*Asks:* 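The following block contains the structure, expressed as structure tokens.
Keep in mind that the numbers below use all heavy atoms, side chains included, and drop hydrogens, waters and symmetry copies. Just so we're clear, the structure is a prediction, and the values are computed from it rather than from any experiment. In this chain, residues are counted from 1 in sequence order.
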Amino acid sequence: MTYPDRGTAGRALGGVLVRLRTADPLLLGLPRGGVPVAAAMRRIIGGDLDVLLVRKLGVPWQPELAVGAIGEDGTRVLNPDVMRLTGVTPEQIAEVELLERRELERRRRVLRATPPIPLKDRTVVIVDDGMATGATVAVACEVARLHEPRHLLVAVPVSSWEALQRIRLLADEVVCPLVPRQLGGVGGVYDDFHQLTDDEVVALLHPPEA
């Protein structure tokens, strides 16, 4: 099974989650690839559309291993177990955070035309175009939890089995229609998996008629 593009994948997810129409959901696309998926879902289930701008704080000598995460509003979460096992120091974390906050600020300037929509007491749906390791979505869940949503749901068109197990520990609910026996990469299940530009993402978030 493959998806022609991210929009088709989003419509498939929307069909699975039609029940959310009455919940006035807040769909949070993870830039960049999660935004077209979330935008297509919204056309089916309604609600609000926004982005969740987060950055992973990687261990300096092993960047893929997250020691924590930051959100655009100053939120920060740290994993004490990773800190203990790796021996990373607060000073090293601060250096990584400085760099990641610069990139977070750049994305905020480019993608945001209005302040973030509050998550508190909302049915929040974190959306990405797929999960291989689940690292980015895990970071998003941890940051979103700090804002006290009523229900936190993760929706992705495709995921590895391992990533699903990881995210089920962090979200109230996970929806994923396609879990291949082996997932070499998220892009492999899309016919069109082009690298989205900032302009494409902005157009989806802030269409001219909006």
*Asks:* How long is the span from the CZ atom in Arg6 to the CD atom in Glu200, to the nearest 0.5 Å?
*Replies:*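 Taking CZ in Arg6 and CD in Glu200, the distance rounds to 8.5 Å.
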*Asks:* Between Arg150 and Asp121, is the closest basic N to carboxylate O distance under 4.0 Å?
*Replies:*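 Answer for the salt bridge query: no.
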*Asks:* Report yes if the side chains of Val174 and Leu153 come closer than 4.5 Å at any heavy-atom pair, otherwise no.
*Replies:*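 No, their side chains stay 4.5 Å or more apart.
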*Asks:* Can you tell me how far CG of Asp192 sits from OG1 of Thr2, rounded to the nearest 0.5 angstrom?
*Replies:*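 Nearest 0.5 Å value for the OG1-CG distance: 11.5 Å.
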*Asks:* Is there a path of hydrophobic side-chain contacts, each under 4.5 Å between heavy atoms, that joins Ile167 and Val186?
*Replies:*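 They do not share one cluster, since no chain of ILVMFWY contacts under 4.5 Å joins Ile167 to Val186.
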*Asks:* How close do Gly134 and Ala163 get, counting heavy atoms only, and between which atoms?
*Replies:*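 Here Gly134 and Ala163 meet closest at N-CB, 3.7 Å.
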*Asks:* Going by the side chain to side chain contact (heavy atoms under 4.5 Å, CB included) test, name the single residue among His206, Met41, Arg42 that passes it with Leu49.
*Replies:*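 Exactly one option meets the side chain to side chain contact (heavy atoms under 4.5 Å, CB included) with Leu49, and it is Arg42.
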*Asks:* I need the minimum non-hydrogen distance between Pro177 and Pro157, along with the two atoms involved.
*Replies:*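 Taking Pro177 first and Pro157 second, the nearest heavy atoms are CD-O, 3.6 Å.
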*Asks:* Closer than 4.0 angstrom, basic N to acidic O: yes or no for Arg122 and Asp48?
*Replies:*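 Looking at Arg122 and Asp48, the cut-off is met.
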*Asks:* Would Met131 and Leu164 satisfy side-chain contact (heavy atoms from CB on, under 4.5 Å), going step by step from the backbone distance to the final call?
*Replies:* CA-CA 8 Å; Met131 298 191 301; Leu164 272 186; 4.0 Å; yes
*Asks:* Test of understanding: clusters of I, L, V, M, F, W, Y form through side-chain heavy atoms closer than 4.5 Å, transitively. Do Val77 and Val88 belong to the same one?
*Replies:*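 No, it is not one cluster - the side chains of Val77 and Val88 are not joined through contacts under 4.5 Å.
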*Asks:* Treating Glu103 as the side-chain partner and Glu100 as the backbone partner, does any N or O pair qualify as donor plus acceptor under 3.5 Å?
*Replies:*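 Side chain of Glu103 to backbone of Glu100: no pair is present.
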*Asks:* Checking side chain to side chain contact (heavy atoms under 4.5 Å, CB included) against Asp128, which of Val154, Val158, Val137 comes through?
*Replies:*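 The single option meeting the side chain to side chain contact (heavy atoms under 4.5 Å, CB included) with Asp128 is Val137.
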*Asks:* Could you state the interatomic distance from SG (Cys141) to CG (Leu152), rounded to the nearest 0.5 Å?
*Replies:*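 So the gap between those two atoms works out to 5.0 Å.
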*Asks:* Kindly work out whether a path of hydrophobic side-chain contacts (I/L/V/M/F/W/Y, heavy atoms less than 4.5 Å apart) joins Leu170 to Val179.
*Replies:*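 They do share one cluster, since a chain of ILVMFWY contacts under 4.5 Å joins Leu170 to Val179.
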*Asks:* Could you check whether any side-chain N or O of Arg84 sits under 3.5 Å from a backbone N or O of Asn79, counting only pairs where one atom can act as donor and the other as acceptor?
*Replies:*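 No, because the side chain of Arg84 does not come within donor-acceptor range (under 3.5 Å) of the backbone of Asn79.
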*Asks:* Going through the distances and angles, do Leu26 and Val125 end up as a side-chain contact (heavy atoms from CB on, under 4.5 Å)?
*Replies:* CA-CA 6 Å; Leu26 171 55; Val125 185; over 6 Å; no
*Asks:* Atom CG in Leu53, atom CG in Leu30: separation rounded to 0.5 Å?
*Replies:*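 Reported to 0.5 Å precision, the distance equals 9.0 Å.
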*Asks:* Quick check: closest heavy atoms across Leu20 and Pro25, and the distance to 0.1 Å?
*Replies:*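 Answer, listing the atom of Leu20 first, then Pro25: O-CD, 3.3 Å.
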*Asks:* Not counting sequence neighbours, which residues clear ring pair (Phe, Tyr, Trp, His ring centres under 6.0 Å) with Phe193? List them please.
*Replies:*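 Phe193 satisfies ring pair (Phe, Tyr, Trp, His ring centres under 6.0 Å) with Tyr190 once adjacent residues are dropped.
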*Asks:* Could you give me the CA-CA distance, side-chain angles and deciding distance for Ser160 and Thr133, then say whether side-chain contact (heavy atoms from CB on, under 4.5 Å) is met?
*Replies:* CA-CA 7 Å; Ser160 68; Thr133 67; over 6 Å; no
*Asks:* If you define the side chain from C-beta out and look only at heavy atoms, does anything of Ile44 sit under 4.5 Å from Arg21?
*Replies:*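 The answer is yes, as the side chains (C-beta and beyond) meet within the 4.5 Å cut-off.
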*Asks:* Are side-chain heavy atoms of Lys120 and Pro149 found at a separation under 4.5 Å?
*Replies:*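 Result no, sub-4.5 Å side-chain heavy-atom pair not found.
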*Asks:* Do the side chains of Leu104 and Val202 join up, straight or via other hydrophobic residues, at under 4.5 Å, putting them in one cluster?
*Replies:*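 Leu104 clusters together with Val202.
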*Asks:* Going through the distances and angles, do Val127 and Val156 end up as a side-chain contact (heavy atoms from CB on, under 4.5 Å)?
*Replies:* CA-CA 6 Å; Val127 185; Val156 290; over 6 Å; no
*Asks:* How close do Leu111 and Asp198 get, heavy atom to heavy atom, and via which atoms?
*Replies:*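 Scanning both residues completely, I find the closest heavy atoms to be CD2-O, 4.1 Å.
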*Asks:* Going by heavy atoms in the side chains, are Leu196 and His194 under 4.5 Å from each other?
*Replies:*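 In short, these two side chains touch, coming nearer than 4.5 Å.
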*Asks:* List the atom of Ala69, the atom of Val143, and the distance in Å for their closest heavy-atom pair.
*Replies:*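 Scanning both residues completely, I find the closest heavy atoms to be CB-CG2, 4.2 Å.
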*Asks:* Sorted by first residue and then second, give each ring-ring contact (aromatic ring centres under 6.0 Å, His included) pair with at least one member in residues 124-179; sequence neighbours left out.
*Replies:*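 Sorted pair list comes back empty.
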*Asks:* Would you check if Val82 and Val59 make a side-chain contact, meaning some heavy-atom pair closer than 4.5 Å?
*Replies:*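 Result yes, sub-4.5 Å side-chain heavy-atom pair found.
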*Asks:* Quick check: does any side chain N or O of Thr8 sit under 3.5 Å from a backbone N or O of Pro4, one acting as donor and the other as acceptor?
*Replies:*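 The answer is no, because no donor-acceptor pair under 3.5 Å joins these two groups.
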*Asks:* Looking at Arg145 and Asp172, does any basic side-chain N land under 4.0 Å from a carboxylate oxygen?
*Replies:*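 Salt bridge between Arg145 and Asp172, a charged N being under 4.0 Å from a carboxylate O: yes.
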*Asks:* For salt bridge (Lys or Arg N to Asp or Glu O under 4.0 Å), just list the numbers for Glu173 and Arg19, CA-CA rounded to whole Å, side-chain angles, deciding distance to a tenth of an Å, and then say yes or no.
*Replies:* CA-CA 14 Å; Glu173 184 179 354; Arg19 57 185 166 85; 2.3 Å; yes
*Asks:* CG/Asp129 to CG/Asp5 distance, rounded to the nearest 0.5 angstrom?
*Replies:*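 Asp129 atom CG to Asp5 atom CG measures 11.5 Å (nearest 0.5 Å).
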*Asks:* How far does CD1 of Ile45 sit from CZ of Arg11, to the nearest 0.5 angstrom?
*Replies:*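 The distance works out to 14.0 Å.
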*Asks:* With no hydrogens and no angle check, do the side chains of Asp199 and Thr197 hold a donor and an acceptor under 3.5 Å apart?
*Replies:*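 No - no donor-acceptor pair under 3.5 Å links their side chains.
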*Asks:* Are Leu146 and Val124 in one and the same hydrophobic cluster, where Ile, Leu, Val, Met, Phe, Trp and Tyr link if side-chain heavy atoms are under 4.5 Å apart?
*Replies:*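 Unlinked, Leu146 and Val124 end up in two clusters.
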*Asks:* I'd like to know whether Glu72 forms a salt bridge (Lys or Arg N to Asp or Glu O under 4.0 Å) with Arg112, so could you lay out the CA-CA distance, the side-chain angles of the two residues, the decisive distance to 0.1 Å, and finally the verdict.
*Replies:* CA-CA 11 Å; Glu72 63 181 298; Arg112 285 228 180 270; 2.6 Å; yes
*Asks:* Considering only heavy atoms from C-beta outward, does the side chain of Ser159 approach that of Leu183 to under 4.5 Å?
*Replies:*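 No. Closest side-chain heavy atoms not under 4.5 Å.
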*Asks:* Give the intermediate values and the outcome of salt bridge (Lys or Arg N to Asp or Glu O under 4.0 Å) for residues Arg108 and Glu105.
*Replies:* CA-CA 5 Å; Arg108 187 195 65 77; Glu105 175 60 19; 2.6 Å; yes
*Asks:* Taking all heavy atoms of Gln92 and all of Pro60, pick out the closest pair and write down the distance.
*Replies:*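 Here Gln92 and Pro60 meet closest at CB-CG, 4.2 Å.
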*Asks:* Say whether, by atom type as modelled, one donor and one acceptor occur between the side chain of Tyr3 and the main chain of Val189 under 3.5 angstrom.
*Replies:*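 Checked: no pair found.
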